[in-house]
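Below is one structure, written out as C-alpha cells; the observations come after it.
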Amino acid sequence: MLKVQVAAQLEEIADLLEIQSENPFQPRAFRNAARALEGLAEDLEDVLAEGRLRGIPAIGDSIANEISELVTTGGSKRLRELRASVPPGILEMLRVPGLGPKKARALQKELRIESLEALKKACESGAVAQVKGFGEKTQQKILDGIEYLSSVAGRFRVDQALPRALALLDHLRQCPGVTRAELAGSLRRGKEIVKDIDLVAASADPVAVMDHFLRSPDVAGVVAKGETKTSVRLSNGLAADLRVVSRIEFPAALQYFTGSKEHNTQLRGIAKELGLKLNEYALFRGEVALPLRDEASIYEILGLGFIEPELREGLDEIRLGAEGRLPTLLERSDIVGMIHVHTDWSDGAATLEEMVEAARERGYRYIGITDHSQSASYAGGLTPERVRKQHAEIDRLNSKLAGFRIFKGIESDILADGSLDYEDDMLDLFDFVVASVHSSFKMPQEAMTARVIRALQDPRTTILGHPTGRLLLSRDAYAIDMGQVLKAAGELGVAVEINASPYRLDLDWRLGPRAMELGVKTSINPDAHSTDGMDDVIHGVKIARKAGFSREDVVNTLGIEAFAKWIARRKSG
DNA sequence: GCCGTTTTCGGCCCGACTGTTTTCAGTCG
C-alpha cells in the first residue's frame, strides 16, 4: 500500500477521534503521524521491513502498530470500530465552516443531530440557538456554512479528479478495440475545478469498449449506458462520461467534447462564415465530411492556427488565432527553479537536505527555500536566531553542491499594517522574499488592498504569495482589488506568484491577460510542504497556460545566474 | 498518542477572532 493511502487512513482516524476522543491531542498525534508519512523520502515497505517505523519522529509504538496493520491487512480494527461508533453525518457536519468537533458533539448530545440535513432543519426551526453556548449568530453562521457547502457540492478540485481520470484513460487504452483515447472536457482545458471527467475513445466496437470501461476498478455505479455514451459515478462521487466514436470521427469528437461550450459556439460561427459546418462528428463542406488528420487540422482549416486546449474558454482566443497572435505558451520543461518551498524548519514535512535532493532529482537547477516568518507561530515561523542558523546550514550545503544553488528566501507574513515580518537588517539577509497574507483576512477591501500594496513597496519584497488567499471549494478570497494590486506589482517590479497548490491555484488564470498588460511577471511556485508537493508545479503550469503566459513572463524559467540577478535588482536599484 | 526528561508525567503552537458570556470556549490559521 502507498504511503499516501496509509496517511489518508490515519487522517480518517484523526477525524473520527476528533468527535469521539476526550483528548484533543490524540487526533493531532494521528495527523502529525500522517504528515510524517507523507514527508517520508523512502518507500514505506522498506522502512516497515527493516523495522525503522518507530524511529520516525511523530510515530510511536501505538501508531507504528497501526500503520503496520494498515499496510499488511489493508485496514485496521481501530478504524473499523471508530467508523461504527461515529455516524457518518457527524463527520460531514465538521465540514461546515465555524462548526468544530465540540459544537458538533454538543448538538448531537442536546438535539440528537447526526446529519447535515437535520442540522439545517434545526437551524431553520431556531432550535440550535437555544442550546447552551449557541445563539442567533452562531445559528445563522451554521446556516450560511451549509449553504456554502451545497454551493460547492458536486464540484471537485483538479487534484481530486485528474489522477482518477488518468487511471480511467489508462484502463481504456488497454481495451483491445480502442485505437485512440484521450481526456477531453474541462480537465483537458486545465480548469482548477471540474464537475466531471470527459473521455473520448475511437473504436469500431463501441459495445465492447463500454463493457471494458464499466470494469474499471474505480467505477462505483452506472448512470447511463448506451452505444455512443456511457456515464458512471466513481467511488469518490465524481461523474465520468465516455464517448466512443469511429476513428474517422475522433478528431471532431475530441475537439467538440473538449469545449468549452462558448469556444465551440464561436468556432461553429467561423466555420459557417467559411461556408462550412462543424459538429461533433466532422467538419463538413456541404454534405461532404472533410478529411481530418487530427484535431489541429480543424483549426488549420478554419484559419486559426492551433488553439491550445487551455485557451479554449471563449474569451478572445479565436480572434487572436485569426490574427495570428496566439501566445507561445509556457511548457512544463521551461520551469527550471523550484521556488517557495517549506522544510521542517517551519511546517514542512521534509528536511532542508531532503527538499534540495528532491529538487535535484527532478532536474531543477535551483531551489528557493521559504519557511514561514516569525509571526506565523502556528506554522513554526522562524525567529531571527533560527533564520541565521538556517542560513548557516544553507551555506554549508551550497558549498558542497556543484551546478545547483539554494537561494535563501522567506515566506514573510504581510502584517495587518502592510509591513513585513522582520526588522530591515534581518530582511536584508535573504536573497528574496515571498510576501503573503496569513492573518486578519476580514479587512475591508480598501484596507486590504492598501495593506498588500504597502508590502509590495518594500524593496525587499520579491514575489507576492497566493495573492487572494482563496482555498478552492472551502474558503473564498479575501476582499482585495486585484486590479490595483497588479498595477502596483507591475510598476514596482514585484512578481505575482501562481501558487501551484491545487488547493489554491492563485493567481487566478482569468487575471492573466490583465497581469501581462500591466507588465507583471509571475513565478510558478509549488508552496511545497513535502518532497511530493513539488510535483504540484504541473497544476501551476496548466493555470499559467490558461492565463496565456509565455516562458518570458515567468521568472523561474531563468537560469541560476539570471534568476539571481533578477531577485537582486530591486534591492540594488 | 507522542515526546522529553531537572523521564514514567505533563505538556503538546499560539494568538486572533467571534460569539457567548460576564470571564471564557470554540474555531481557525
Side-chain angles (χ1 to χ4, degrees), chain A residues 9-37 53-69 76 78-79 82 93-110 123 128-145 148 342 344-348 371-383 386 411 413-417 421 436-444 465-466 468-471 474-478 501 503-504 527 529:
Chain A
Q9 283 172 309
L10 293 178
E11 285 282 357
E12 190 182 346
I13 292 175
D15 287 342
L16 294 162
L17 282 172
E18 206 124 74
I19 295 287
Q20 218 223 20
S21 172
E22 292 297 329
N23 176 2
F25 296 102
Q26 211 176 354
R28 188 183 296 175
F30 277 87
R31 284 193 210 287
N32 290 342
R35 292 202 54 194
L37 267 196
L53 212 45
R54 186 63 186 78
I56 298 169
I59 297 179
D61 288 331
S62 173
I63 293 186
N65 286 335
E66 197 69 33
I67 293 172
S68 150
E69 190 182 348
S76 87
R78 176 165 206 161
L79 181 55
L82 279 168
M93 283 163 59
L94 288 189
R95 289 170 42 223
V96 176
L99 187 65
K102 294 273 174 58
K103 284 191 166 144
R105 242 156 57 147
L107 291 170
Q108 184 191 21
K109 204 159 158 241
E110 300 297 321
C123 286
V128 168
Q130 303 306 313
V131 178
K132 186 165 184 275
F134 291 74
E136 287 292 337
K137 287 202 173 168
T138 304
Q139 180 170 274
Q140 189 56 47
K141 200 175 165 198
I142 291 174
L143 262 183
D144 292 345
Y148 182 80
H342 296 268
D344 64 358
W345 281 77
S346 66
D347 62 349
D371 276 305
H372 284 284
S373 59
Q374 55 187 347
S375 286
S377 50
Y378 56 86
L382 303 185
T383 59
R386 299 196 68 230
E411 181 175 16
D413 273 27
I414 297 175
L415 303 180
D417 66 355
D421 199 14
S436 315
V437 170
H438 288 118
S439 60
S440 305
F441 293 114
K442 299 244 179 259
M443 290 175 124
H466 45 72
T468 77
R470 74 176 182 190
L471 292 177
S474 72
R475 186 178 74 201
D476 286 333
Y478 35 73
S501 160
Y503 290 83
R504 296 186 181 272
D527 198 354
H529 286 75

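Letters go in sequence order (proteins before strands), and every chain restarts at 1. Heavy-atom basis, side chains included; hydrogens, waters and symmetry copies ignored. Since this is a predicted model, take the numbers as computed values, not measurements.
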State which residues pass side-chain hydrogen bond (donor to acceptor under 3.5 Å, both in side chains) with A/T138; sequence neighbours excluded, sorted by chain then number. none

Taking only residues two or more places apart in sequence or in another chain, which ones pass side chain to side chain contact (heavy atoms under 4.5 Å, CB included) with A/Y148? A/S151, A/V152, A/D476

Distances under 3.5 Å between nitrogen or oxygen atoms of protein and nucleotides 19-22 of chain B:
{"unit_1": "B/dG19", "atom_1": "O3'", "unit_2": "A/T138", "atom_2": "OG1", "d": "3.1"}
{"unit_1": "B/dT20", "atom_1": "OP1", "unit_2": "A/G135", "atom_2": "N", "d": "2.9"}
{"unit_1": "B/dT20", "atom_1": "OP1", "unit_2": "A/G135", "atom_2": "O", "d": "3.2"}
{"unit_1": "B/dT20", "atom_1": "OP1", "unit_2": "A/E136", "atom_2": "N", "d": "3.4"}
{"unit_1": "B/dT20", "atom_1": "OP1", "unit_2": "A/K137", "atom_2": "N", "d": "3.4"}
{"unit_1": "B/dT20", "atom_1": "OP1", "unit_2": "A/T138", "atom_2": "N", "d": "3.1"}
{"unit_1": "B/dT20", "atom_1": "OP1", "unit_2": "A/T138", "atom_2": "OG1", "d": "3.1"}

Test salt bridge (Lys or Arg N to Asp or Glu O under 4.0 Å) applied to A/D347 - qualifying residues, sequence neighbours left out: none

Please tabulate the protein-to-nucleotide N/O contacts below 3.5 Å involving nucleotides 11-15 of chain B, giving atom names and distances.
{"unit_1": "B/dC13", "atom_1": "OP1", "unit_2": "A/R28", "atom_2": "NH1", "d": "2.6"}
{"unit_1": "B/dC13", "atom_1": "O2", "unit_2": "A/S377", "atom_2": "O", "d": "2.7"}
{"unit_1": "B/dC13", "atom_1": "O2", "unit_2": "A/Y378", "atom_2": "N", "d": "3.1"}
{"unit_1": "B/dC13", "atom_1": "O2", "unit_2": "A/Y378", "atom_2": "O", "d": "2.8"}
{"unit_1": "B/dC13", "atom_1": "N3", "unit_2": "A/Y378", "atom_2": "O", "d": "3.0"}

Listed by chain and number, what are the side-chain hydrogen bond (donor to acceptor under 3.5 Å, both in side chains) partners of A/D144, not counting sequence neighbours? A/Q140

For residues 15-22 of chain A, which residues have at least one heavy atom under 4.0 Å from DNA chain B? none

With A/D15, which residues qualify under side chain to side chain contact (heavy atoms under 4.5 Å, CB included), at least two apart? A/R31, A/L91

Any residue meeting side-chain hydrogen bond (donor to acceptor under 3.5 Å, both in side chains) with A/R54, in chain and number order, not counting sequence neighbours: A/D61

Hits for side chain to side chain contact (heavy atoms under 4.5 Å, CB included) against A/T383, two or more places apart or cross-chain, chain-then-number order -> A/E385, A/R386

Which residues pass the side chain to side chain contact (heavy atoms under 4.5 Å, CB included) test with A/Q108, sequence neighbours left out? A/P87, A/I90, A/R105, A/E114

How would you list, by chain and number, every residue that makes a side-chain hydrogen bond (donor to acceptor under 3.5 Å, both in side chains) with A/S440, sequence neighbours excluded? none

